[in-house]
Visitor: 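What follows is a structure written as structure tokens; I'll ask about it next.
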Amino acid sequence: MLSINKLSDIVPYSEAWFTARLGKMTSSKIHCICGAKGIGDGGMTYIRNKASEVITGVSTEKNITTEAILFGIENEPKSIKHWKIANNIYRVTEDVHIIHNNLFASTPDALAFLDEKLMFAENETLLNCCTVESKSYMTPSEHMKHIECKTPEDIKAINPQLFWQVVSQVYFADVMRGFAIFYNPLFPEGNYYRASQVLFKRVDMQKDFTLLKDRINEATELYNNILNKGK
């Protein structure tokens, strides 16, 4: 269950949020360090870029706006609303920033609360929720192939970036489940290709978590080595 202590009070996509992300590795790019054969060149590029943000104070992330990105921005909130109603979810809180440690962070599109119950442990409140990552692909073929995915492994085969994004969200939040949901309003209501979901269960992700933890440790060491060069 998610500890309330992990939640940041920074508003996602605010100026403070972008500033707080400088130097942090995030779920959206965590796939860069999760290749099957190791961190590799792509992972090292990501680590160097993140370290450079600490040194220079300048973001290395490019803010590119395309028609497809605007389509997603418009429709992903609709996707969450559609999913909430279809699955009778008690409550959904969108855009919650989760801090894993000083170097890693995650902003799922939503946290879905299954009921109103809270659990209390020593010095912390635990939330009964799951993570939600919403995707609305403008290109029909891209959307349709994701709709046809039924398992996390199906997603991994076509979109490793999304696979590791959801895996890391579940891991960082320390919850039992996460969802990847897909929605395109151009497909009519009731059509097979309009909307779907893929459930990620923590119990099935232990090997993925082991790999992720190993890569987090390795990336942290490499990152710190870069920052300490010449000291």
Side-chain angles (χ1 to χ4, degrees), residues 2-66 68-69 72-73 76 95-109 111 131 133-135 152 155-156 159-175 178 180 200 205-231:
L2 174 61
S3 169
I4 199 169
N5 296 333
K6 286 189 173 185
L7 299 181
S8 168
D9 59 1
I10 294 175
V11 178
Y13 309 108
S14 65
E15 184 176 346
W17 182 79
F18 284 107
T19 299
R21 281 167 63 91
L22 288 175
K24 281 190 171 58
M25 299 186 213
T26 63
S27 286
S28 61
K29 296 290 182 65
I30 201 75
H31 70 283
C32 293
I33 66 170
C34 291
K37 296 182 179 180
I39 284 182
D41 292 341
M44 282 306 306
T45 296
Y46 185 54
I47 292 167
R48 289 189 182 104
N49 281 342
K50 288 289 131 181
S52 79
E53 292 178 352
V54 175
I55 298 167
T56 66
V58 178
S59 175
T60 58
E61 297 185 12
K62 297 179 181 179
N63 295 319
I64 300 174
T65 300
T66 65
I69 290 173
I73 291 172
E76 284 167 7
D95 294 330
V96 179
H97 192 48
I98 298 168
I99 303 298
H100 175 61
N101 59 32
N102 290 332
L103 182 53
F104 293 86
S106 183
T107 307
D109 287 319
L111 294 178
T131 61
E133 184 62 30
S134 172
K135 299 296 183 186
I155 291 179
K156 188 177 185 180
N159 192 342
Q161 180 173 352
L162 175 58
F163 173 84
W164 286 110
Q165 185 175 14
V166 179
V167 168
S168 66
Q169 287 173 355
V170 173
Y171 175 72
F172 291 160
D174 197 22
V175 294
F200 287 65
M205 292 189 284
Q206 296 310 307
K207 289 184 178 179
D208 301 310
F209 283 170
T210 297
L211 187 148
L212 179 61
K213 286 187 284 187
D214 288 345
R215 297 297 166 75
I216 284 174
N217 291 336
E218 186 178 352
T220 299
E221 183 177 355
L222 291 166
Y223 176 94
N224 287 332
N225 285 343
I226 293 170
L227 291 183
N228 290 319
K229 287 286 186 183
K231 293 183 179 179

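All values below were derived from every heavy atom in this structure, side-chain atoms included, with hydrogens, water molecules and symmetry-related copies excluded.
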Visitor: With rounding to the nearest 0.5 angstrom, report the CD1 to CG distance, Ile47 to Asn225.
Guide: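 It comes to 10.0 Å.
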
Visitor: For Lys135, which residues count as a salt bridge (Lys or Arg N to Asp or Glu O under 4.0 Å) partner, sequence neighbours excluded?
Guide: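 Checked Lys135 against salt bridge (Lys or Arg N to Asp or Glu O under 4.0 Å); matches are Glu133.
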
Visitor: Between Ile226 and Ala51, which heavy-atom pair has the shortest distance, and what is it?
Guide: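 Heavy-atom minimum between the residues: CG2-CB, 3.7 Å.
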
Visitor: Give the C-alpha distance, both sets of side-chain angles, the deciding distance and a yes or no for side chain to side chain contact (heavy atoms under 4.5 Å, CB included) between Asp208 and Lys156.
Guide: CA-CA 11 Å; Asp208 301 310; Lys156 188 177 185 180; 4.1 Å; yes

Visitor: Can you find a heavy atom in the side chain of Leu212 that is under 4.5 Å from one in the side chain of Met205?
Guide: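 No, every pair of side-chain atoms sits at 4.5 Å or beyond.
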
Visitor: Judged by atom type as modelled, is there a donor-acceptor pair below 3.5 Å linking the side chain of Gln165 to the main-chain atoms of Ile30?
Guide: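 No; zero donor-acceptor contacts below 3.5 Å.
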
Visitor: CE of Met44 to SG of Cys32: how many Å apart, nearest 0.5 Å?
Guide: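 With rounding to 0.5 Å, CE (Met44) is 12.0 Å from SG (Cys32).
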
Visitor: Please determine whether the number of non-hydrogen atoms from other residues, nucleotides or ligands lying under 6.0 Å from atom CG of Asn217 exceeds 12.
Guide: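 Yes, because the 6.0 Å sphere around CG of Asn217 holds more than 12 heavy atoms from other groups.
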
Visitor: Enter the distance from Ile55:CD1 to Leu22:CG here, rounded to the nearest 0.5 Å.
Guide: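 Result: 12.5 Å between the selected atoms.
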
Visitor: Of all the heavy-atom pairs spanning Phe200 and Ala180, show the shortest one and how long it is.
Guide: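 Closest heavy-atom pair between Phe200 and Ala180: CE1-CB, 4.1 Å.
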
Visitor: Of all heavy-atom pairs between Ile216 and Thr220, which one has the smallest distance, and what is that distance?
Guide: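 Taking every non-hydrogen atom into account, O-OG1, 2.7 Å.
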
Visitor: Show the numbers, then the answer: is there a side chain to side chain contact (heavy atoms under 4.5 Å, CB included) between Thr107 and Thr26?
Guide: CA-CA 8 Å; Thr107 307; Thr26 63; over 6 Å; no

Visitor: Where do Ala219 and Ile33 come nearest, in terms of heavy atoms and distance?
Guide: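 What the structure gives for the nearest pair is CB-CD1, 3.9 Å.
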
Visitor: Okay, side chain of Ser106, backbone of Gln169: is any donor-acceptor separation there less than 3.5 Å?
Guide: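 No.
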
Visitor: What pairs of residues pass the ring-ring contact (aromatic ring centres under 6.0 Å, His included) test when at least one of them lies in residues 38-59, not counting sequence neighbours?
Guide: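 Sorted result for residues 38-59: empty, none.
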
Visitor: Does anything in residues 209-231 form a ring-ring contact (aromatic ring centres under 6.0 Å, His included)? List the pairs, not counting sequence neighbours.
Guide: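 Every pair satisfying ring-ring contact (aromatic ring centres under 6.0 Å, His included) with a residue in residues 209-231: Tyr171-Phe209.
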
Visitor: Take atom CD of Glu15 as the centre, draw a 6.0 Å sphere, and report whether it contains more than 12 heavy atoms from other residues, nucleotides or ligands.
Guide: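 No, because the 6.0 Å sphere around CD of Glu15 holds 12 heavy atoms or fewer from other groups.
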
Visitor: Run Phe18 and Ser59 through side chain to side chain contact (heavy atoms under 4.5 Å, CB included) and show every step you take.
Guide: CA-CA 9 Å; Phe18 284 107; Ser59 175; over 6 Å; no

Visitor: Identify the two heavy atoms, one from Ile99 and one from Ala105, that lie closest to each other, and give their separation to 0.1 Å.
Guide: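 It is CD1-CB, 4.0 Å.
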
Visitor: Atom CG of Leu162 and atom OG of Ser27: how far apart are they, to the nearest 0.5 Å?
Guide: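 The OG atom of Ser27 is 11.0 Å from CG of Leu162, to the nearest 0.5 Å.
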
Visitor: If you look only at pairs with a residue in residues 23-51, which of them pass as a salt bridge (Lys or Arg N to Asp or Glu O under 4.0 Å), with sequence neighbours excluded?
Guide: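 Of all non-adjacent pairs touching residues 23-51, those that pass salt bridge (Lys or Arg N to Asp or Glu O under 4.0 Å) are Lys50-Glu53, Lys50-Glu61.
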
Visitor: Specify the closest pair of heavy atoms between Gly178 and Val166, including all atoms of both residues, with the distance to one decimal.
Guide: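 Looking at all heavy atoms of both residues, the shortest contact is C-CG1, 4.3 Å.
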
Visitor: Please list, chain by chain and in numerical order, all residues satisfying side chain to side chain contact (heavy atoms under 4.5 Å, CB included) with Asn49, sequence neighbours excluded.
Guide: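 Thr45, Thr60.
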
Visitor: Determine which pairs satisfy salt bridge (Lys or Arg N to Asp or Glu O under 4.0 Å) with at least one residue from residues 213-228, sequence neighbours left out, and list them in order.
Guide: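 For residues 213-228: none.
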
Visitor: How long is the span from the CG atom in Leu2 to the OG1 atom in Thr131, to the nearest 0.5 Å?
Guide: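 Here the rounded value is 9.5 Å.
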
Visitor: Nearest 0.5 Å, please: how far is CE in Met25 from OG in Ser168?
Guide: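 Those atoms lie 12.5 Å apart.
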
Visitor: Under a 4.5 Å cut-off applied to non-hydrogen side-chain atoms, are Pro108 and Ile98 in contact?
Guide: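 Sidechains of Ile98 and Pro108: in contact.
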
